[in-house]
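First comes the structure, then the notes that go with it.
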Amino acid sequence: MQLDKVYEPQRFEPRWAQWWVESGIYRAEWQPGRPVFSLVIPPPNVTGSLHMGHMLEHTEIDVTVRWHRMRGDITLWLPGTDHAGIATQMVVERQLASEGLDRRAMGREAFEERVWKWKAESGGTIKRQMIRIGASCDWSRERFTLDPGLSRAVRETFVSLYEKGLLYRGEYMVNWCPRCQTAISDLETMHEETAGHLWHIRYPVVGRDRVLVVATTRPETMLGDTAVAINARDERYTDLHGKTVRLPLMDREIPIILDDIADPEFGTGLVKITPAHDVNDFEAGKRHALPMIRVIDESAKITAAGGAYAGLDRYEARKRVVEDLEKLGLLDSVQDYVLSLGKCSRCKTAVEPLVSKQWFVRTKPLAEKAIAAVDEKRIEIIPENWVKTWNEWMHNIRDWCVSRQLWWGHRIPAWYCDACGETVVSRTDPASCPKCAGTLRQDPDVLDTWFSSGLWPFSTLGWPDKTDDLKHFYPTTLLITGFDILFFWVARMSMLGIEFMGDVPFRQVYIHGLVRDAEKQKMSKTKGNVIDPLVVTEEYGTDAVRMALLSGAAPGTDIVFTVDRIDSARAFANKIWNAARFLFLNMERCGVDPWMAEDVNGWLPDAGAPVEDRWIFSRLNGCAREMNRSIEQYRYHEAAQTVWHFIYDDFCDWYIELKKLRFVESSGLNDDWRNLLAVFESLLRLLHPVMPFLTEELWHRLGADEEKSISLSAFPRFDPARYDSEAENEIGLLQNVITALRGLRADLSLDPKLPLEGRISREVDFRAVQKLAGVTLAVGDVPKSGAVRSTADFNLMIDVPHGQLEAQKKRLEKEREQLLKNIANSQRQLSDEVFLSKAPAKVIDSIRAKLGEYEAQLRKIEDSLNG
RNA sequence: GGCCUUGUAGCUCAGUUGGUUAGAGCGCUCCCUUCACACGGGAGAGGUCCACAGUUCGAGUCUGUGCAAGGCCACCA
């Protein structure tokens, strides 16, 4: 039963991790009448591996989940992974490229097979890693977004949205990534400030000796211009209404239109219109029924419609267009210009706005319900400040382009008839066109990854079937996730959940912070500043990493994470380990067999028990209150700090030290031991959600049943009746006396081992004083001179040679200064009529009481200074 | 351009509803290898709570302005 001298988590963490999974103890079994806590994991990319952000997220989730479980709730943490369409496809494409292969050459089926193979190989990594960090998930309910059940949910959703008129197919301007060769949503397009130019080009007016100067950041798009816009109110150009201009290079005559798109205040007040390659121009083109000329294709090359420039890359074409304009004397001027350029969030390629036929979800009606849900607190977002961001985005939401020109994902359940042009959207694969019996062709595209993850809280529970799991666990209680996917994911789940389940997908959303490095930089592979959770987990132990993360996890703030933090967390674990070691060594020495209270949460020392026993249970109770409150409010850093202080300060520094006085000579299990063991066990329970491995290990060493887990034991609850003010006061006094004596020793530079004698003005536990301060005290009158310390509660003095009193004097003088300041301060307030008439009596009384204490102390100090 | 967040000890951060001596960890100084633990123990030093103004009997905490830093959103040629 002895413990190794040093805490080595590597020796037991993997064992418990494995046992927690194999024993199946975290399988959620519903029973009537018990509260339910359910949560679905934000599914990580199936082919990814755990980074520090995951570890933080999973630790916060796990603390909450373990706490709920220990409080007796039926607790479900549903794990799983996401197929991550573009991301995964890109990874596999890169692999293929390194083998000299190309997905187009190998064909769709072979490519999909290849991705599944890659998923089979690397898809288990996340799960293994989650198990290793102690995530207490219900693995029997693990899901993957491409599972057959979830695919059925996707299809049901698609078809149903189509039937409700909330999904349509149409030709619109989309963000096109020429490298990924697919449309991407607005959210996947990052706008970056990029240095560019503003080219001013001369367009000659037909039939007049006049040129119009238009400005553009993308001269190559002029090849597709079909109009020039002016504002009807712009008096500079009233004479040009109804006229046309000749488009340079293309030798095309295009109309001058009147449209508000042209702002008279900006530049020349003229705008060239390229309906096929600019969102605003597209809209203007529709308003004026302008022809749409596509001059740039899916690979960002100029099309045949681009005349002499056909086949050129867009940037090459830009150069040539500018050169040619210059030669013709049609380039008016060029100025530097910073523009906000849309880039693909995956590959950073500049996005090309293209008109193309895509599927869109009509989001407005869905968003309205999501806004209302947050408004009415049916979904509570924590911290609250995200509500504003949420509302702003929801109110300005645009239709969601959900089709992707990829091969990895859910194939769109739409078929087109070549013969009659019919579109069939169906839950089952249709054999032929229902209209003309012609041959059908399925849409080659797949759905946006977020379409399927948007269904996650209910698709994972069996929807569209009416399952028991849905009935019991939906809506989920809580979602813990990062703000980076608030719109991508949380918003979509909310909209789709409300639409299809008729209820919100989660009652609360807790948004955690970002993990940053010592320089407050985001951790990223490219910056090379990542701390790999698995590396540090191996080196320091999972518990230490969890504690290190949580200790900085205040709501609404990012977490600065350094190895220093892990170091001190491991020191903390080591401290507990050694406290346990102390217990076990002494149990053996005293012939105490392992013992556990039947109901440790109901355990209380007798009224006649030693005061430190009554005190520690009073403290434990306070710690339980803080822990419960903190975790309930997602104040993880406070929970960590609370248990940290209870263990270091109350338990180790005072309780164990005081306790040593009691049982050194004892033999066998007595009340002293029972109290000590009961506190220790409770402490393990309090700590368990934060440090599950260490606590499970020690709990079993304490004698817990082999088949039982501390994670299924009851979490200590707060009971106000357990506050023992008498014990708190008595130990508080003792602590003050001992601290004062130690302080005296330090002030006077006395040898710590030198036995000292002294006097004190009142009764305290002299054995404790002797043991912890090395001073033998006697009760009696305290001489005014000598090495003295005083508080409102006591005076004390120790006998030392006179020569050593100088240091003491300095200290007393310093104390006197402070007291005089405090007294002046208190007196000032107490003589302030307005303060006395307006401040609550409680505050005034406490100041009066304090003033009394200050004055009493001051008298004592002055006595000894003068004496 | 709109919105959000942050500014407290050398560093990283706490500070619940405004209550008078502002806390922790790490780091630093001094002392101690005492029979659980040097991954330890003890005693300390260190702060005009970014600035200014306001509300209040009372402001680190509330309001406004400014300065500084970070982030999110947005189709302005």
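Quick caveat, the model's predicted, so the values are computed rather than measured. We name chains A, B, ... by the order of the sequence lines, and we start the count at 1 in each one. Because only heavy atoms are used, hydrogens play no part in the values below, and waters and symmetry mates are left out as well, while side chains stay in.
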Are any protein N/O atoms closer than 3.5 Å to N/O atoms in nucleotides 4-10 of chain B? If there are, list each pair with its distance.
unit_1 : atom_1 : unit_2   : atom_2 : d
B:rC4  : OP1    : A:Lys388 : NZ     : 2.8

| query | side-chain hydrogen bond (donor to acceptor under 3.5 Å, both in side chains): which pairs involve residues 646-655 of chain A, sequence neighbours left out? | reply | A:Asp613-A:Tyr655, A:Arg619-A:Asp650
So which protein N/O to nucleotides 21-31 of chain B N/O distances come out below 3.5 Å?
unit_1 : atom_1 : unit_2   : atom_2 : d
B:rU21 : OP2    : A:Asn825 : ND2    : 3.0

| remark: Contacts of A:Glu8 meeting salt bridge (charged side-chain N to carboxylate O under 4.0 Å, His left out) (sequence neighbours excluded), chain-then-number -> A:Arg11
| Which residues satisfy the salt bridge (charged side-chain N to carboxylate O under 4.0 Å, His left out) test with A:Glu188, sequence neighbours excluded? | A:Arg404
| said: Restricting to salt bridge (charged side-chain N to carboxylate O under 4.0 Å, His left out), what partner residues turn up for A:Asp751, sequence neighbours left out? | reply: none
| query | Taking only residues two or more places apart in sequence, or in another chain, which ones meet A:Arg816 in a salt bridge (charged side-chain N to carboxylate O under 4.0 Å, His left out)? | reply | A:Glu862
Output a table of nitrogen or oxygen pairs between the protein and nucleotides 55-63 of chain B separated by less than 3.5 Å.
unit_1 : atom_1 : unit_2   : atom_2 : d
B:rC57 : OP1    : A:Lys838 : NZ     : 2.3

| request: Could you give the distance separating B:rC31 and B:rG23 at their C1' atoms, to the nearest angstrom? | output: 25 Å
| Within the side chain of A:Asp543, is there an N or O that forms a donor-acceptor pair under 3.5 Å with the backbone of A:Leu694? | yes
| message | I'd like to check the side-chain hydrogen bond (donor to acceptor under 3.5 Å, both in side chains) partners of A:Arg318; sequence neighbours left out, ordered by chain and number. | response | A:Glu220
| Between the side-chain atoms of A:Glu392 and the base atoms of B:rA74, is any donor-acceptor pair under 3.5 Å? | no
| field | Pair listing, salt bridge (Lys or Arg N to Asp or Glu O under 4.0 Å) test, anchored in residues 189-201 of chain A, at least two apart | value | A:Glu192-A:Lys343
| task | For residues 547-573 of chain A, pull every pair meeting salt bridge (Lys or Arg N to Asp or Glu O under 4.0 Å), keeping only residues two or more places apart or in separate chains. | result | A:Arg516-A:Asp558, A:Asp567-A:Arg570
| request: Quick one: list whatever passes side chain to side chain contact (heavy atoms under 4.5 Å, CB included) with A:Ala746, sequence neighbours left out. | output: none
